[in-house]
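Model, not experiment: these values are computed from the prediction.
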Amino acid sequence: MDFARVQKELHDCNKGVDESGISIKPNGDANLTHLLGTIPGPIGTPYEAGVFNIDIILPASYPFEPPKMKFATKVWHPNISSQSGAICLDILKDQWSPALTLKTALLSIQALLSSPEPDDPQDAVVAQQYLREYQTFVGTARYWTEAFARPSSLGVEDKVQKLVEMGFPEGVVRSTLEAVGGDENMALEKLCSG
């Protein structure tokens, strides 16, 4: 793997975070093969005002092989699995090119949120709802954005207390919250998965 390229991509992506809202950082430790991308929900969509985390794993042959990306934040969308977060997007499969970057992949995922492709679904149930009961789809997608993709207004100490009250050790709670950028829902998922 070309670690110099990965470091440059992270630097370039994070340099423009104020304009795009898109960022990438190492997921947990400083290992550059497991990253966490963040994209804002597009304006004018049911995902607006949401902040979505994308789990990124770089294969050993990156950039000649596409990154493995999936939503870590739960999202209701025809091209994203509501169960696993798997993404149906051509550039993450056979249309990948070494000329593409992690940021362009995240921009493409953000564009997918704006323009679902229900005829090529990852989640057939969501796709059917999109095609047959569009207003119900919009309401469900907005609800999921509210529930899972909105940064909590709680302060760090409130989040720590809430998770400690659930039975998790305080030190583990603090390090987990820090690793996921303070996202209470992601921290809870990580704590529950061991």
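- Thr104 pairs by the side chain to side chain donor-acceptor pair (under 3.5 Å) definition with Thr101, not counting sequence neighbours.
- Just one residue in the list Leu113, Val75, Val138, Thr140 forms a side-chain contact (heavy atoms from CB on, under 4.5 Å) with Pro46, and that residue is Val138.
- Of the residues listed (Thr33, Leu32, Ile57, Leu36), the one engaging Asn27 in a side-chain contact (heavy atoms from CB on, under 4.5 Å) is Leu36, and it is the only one.
- The pair Asp158-Lys162 does not meet the salt-bridge criterion, since no charged nitrogen lies less than 4.0 angstrom from a carboxylate oxygen.
- The side-chain contact (heavy atoms from CB on, under 4.5 Å) test with Ile22 singles out one residue from Asn14, Ile39, Leu102, Ile54, and that residue is Ile39.
- The hydrophobic cluster containing Phe64 does not contain Leu35, counting ILVMFWY residues as joined when their side-chain heavy atoms lie under 4.5 angstrom apart, directly or transitively.
- Among residue pairs with one or both ends in residues 32-61, none qualify as salt bridge (charged side-chain N to carboxylate O under 4.0 Å, His left out); sequence neighbours excluded.
- The side chain to side chain donor-acceptor pair (under 3.5 Å) check on Thr38 picks up Asn53, with sequence neighbours excluded.
- In terms of the ring-ring contact (aromatic ring centres under 6.0 Å, His included) criterion, residue partners of Phe148 (sequence neighbours excluded) are, by chain and number, Trp144.
- Side-chain contact between Leu177 and Leu163: present, with at least one pair of heavy atoms (C-beta onward) separated by less than 4.5 Å.
- Applying the salt bridge (Lys or Arg N to Asp or Glu O under 4.0 Å) criterion to Glu157, with sequence neighbours excluded, gives Arg174.
- Looking at Ser84, its side chain never comes within 3.5 Å of a backbone N or O of Ser81 through a donor-acceptor pair.
- Partners of Tyr130 according to the ring-ring contact (aromatic ring centres under 6.0 Å, His included) rule, which considers only residues two or more places apart in sequence or in another chain, are Tyr134, Phe137.
- In this structure Lys15 satisfies the side chain to side chain donor-acceptor pair (under 3.5 Å) test with no other residue, sequence neighbours excluded.
- Screening residues 116-125 for side-chain hydrogen bond (donor to acceptor under 3.5 Å, both in side chains), with sequence neighbours left out, gives Ser82-Asp123.
- Within the 3.5 Å criterion, the main-chain N or O of Gly50 finds no donor-acceptor partner in the side chain of Thr145.
- With sequence neighbours excluded, no residue forms a side-chain contact (heavy atoms from CB on, under 4.5 Å) with Ser175.
- Within the structure, side-chain hydrogen bond (donor to acceptor under 3.5 Å, both in side chains) contacts touching residues 57-77 (residues at least two apart or in different chains) are Glu9-Tyr62, Ser61-Glu65, Trp76-Gln129.
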Identify every side-chain donor-acceptor pair in residues 90-100 under 3.5 Å, counting partners at least two apart or on other chains, and give the distances.
unit_1 : atom_1 : unit_2 : atom_2 : d
Lys93  : NZ     : Ile87  : O      : 3.1
Trp96  : NE1    : Pro63  : O      : 2.8
Ser97  : OG     : Ala99  : N      : 3.1

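- With sequence neighbours excluded, no residue forms a side chain to side chain donor-acceptor pair (under 3.5 Å) with Gln135.
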